[in-house]
Amino acid sequence: MFKLAENISAVRAEIHRTAQAAGRSANTVMLLAVSKGQPVEAIAAAVAAGVCDFGENQVQEALQKMAAFSHECLRWHFIGAVQSNKTRAIAEHFDWLHSLDRLSIAERLARQRPSGMAPLDVCLQVNIDRESTKAGVDPDQLEALALGVVALPALRLRGLMAIPRPRAVGDQRQPFRELASLLARLRATSPRFAGLDTLSMGMSADLDAAIAEGATIVRIGRAIFGPRPDLQPHR
Ligand SMILES: *Cc1c(COP(=O)(O)O)cnc(C)c1O
């Protein structure tokens, strides 16, 4: 945990270097620190190092952590599988949802988002490698889902998210390029999609490839926090 500030500087430097190499400004890439499985002390250290965005994939665990930071101006992102009995807590407590892949869940979230809160920022998770065991909407069904979601005023459709299957470093760019082109195609189909500006892609092992292909949010866990201390299931 004492290395945390160092790790964050290293990740920021990597984002900067890769963005520049791609002809992009580093401030077009948001660093989302994936704090799932990490204690509040680790989050506090990241906050002290200037991180504002945190990703969690278990609702109960996240709510406990939020309570410890109620005075900080942090943004909480839900990145895990959404069970329908957890939508209310997500609607009431999170700023972003990256893993939306079903209209029925979107409709619940929209009903449950408190009217005094800003719309919930959402990304549609795409099953970019069409793996039968993976979450995410099939690319062929993406437009239909997007049309349903963009019609819900309590949600703000921001873009697409994917978790490609692991690949050798030299092969990592292709699924990200595909996700970027799905977003471009979607934006071209209707003016209702003109506000979509987000590609949530890239983790510790493949952030360079993701940034080279246009990632606007990278979701980084291990490169910041080190190995997760618990054994909870995660991707
Ligand atoms: C755990 C997780 C990450 C972070 O993965 P690391 O390899 O630790 O960087 C990113 N996105 C999602 C959806 C995750 O579940």
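First listed ligand is number 1; within each ligand, the first listed atom is number 1.
Counting heavy atoms closer than 4.0 Å to ligand 1, residue I79 contributes atoms from both its backbone and its side chain. Contact annotation for H98 and ligand 1: no heavy atom of the residue comes within less than 4.0 Å of the ligand.
Within the structure, salt bridge (Lys or Arg N to Asp or Glu O under 4.0 Å) pairs that include any residue of residues 158-181 comprise D121-R158, D129-R167, R158-D197, R173-E213, R177-E213 (at least two apart or interchain). Within the structure, the ring pair (Phe, Tyr, Trp, His ring centres under 6.0 Å) test picks out the following pairs touching residues 44-73 (sequence neighbours left out): F54-W76.
Using a 3.5 Å distance cut-off with no hydrogens or angles, the side chains of R219 and S200 do pair a donor with an acceptor. Between D95 and H77, the side chains place no donor N or O within less than 3.5 Å of an acceptor N or O (distance only, hydrogens not considered).
Residue-ligand proximity, K36 to ligand 1, at heavy-atom distances under 4.0 Å covers atoms 1 (C), 2 (C), 3 (C), 14 (C), 15 (O). The contact set between ligand 1 and R222, taken as ligand atoms under 4.0 Å from a residue heavy atom, comprises 6 (P), 7 (O), 8 (O), 9 (O). In summary, the atoms of ligand 1 found under 4.0 Å from a heavy atom of I220, numbered by their order in the structure, are 9 (O).
Rounding to the nearest 0.5 Å places CG of L207 at 6.0 Å from CD1 of I15.
Taking a cutoff of 4.0 Å between a charged side-chain nitrogen and a carboxylate oxygen, R111 and E107 do not qualify as a salt bridge.
Among V11, I163, L32, the residue whose heavy atom sits closest to atom 13 (C) of ligand 1 is I163.
At least one N or O atom of R219, backbone or side chain, sits closer than 3.5 Å to an N or O atom of ligand 1.
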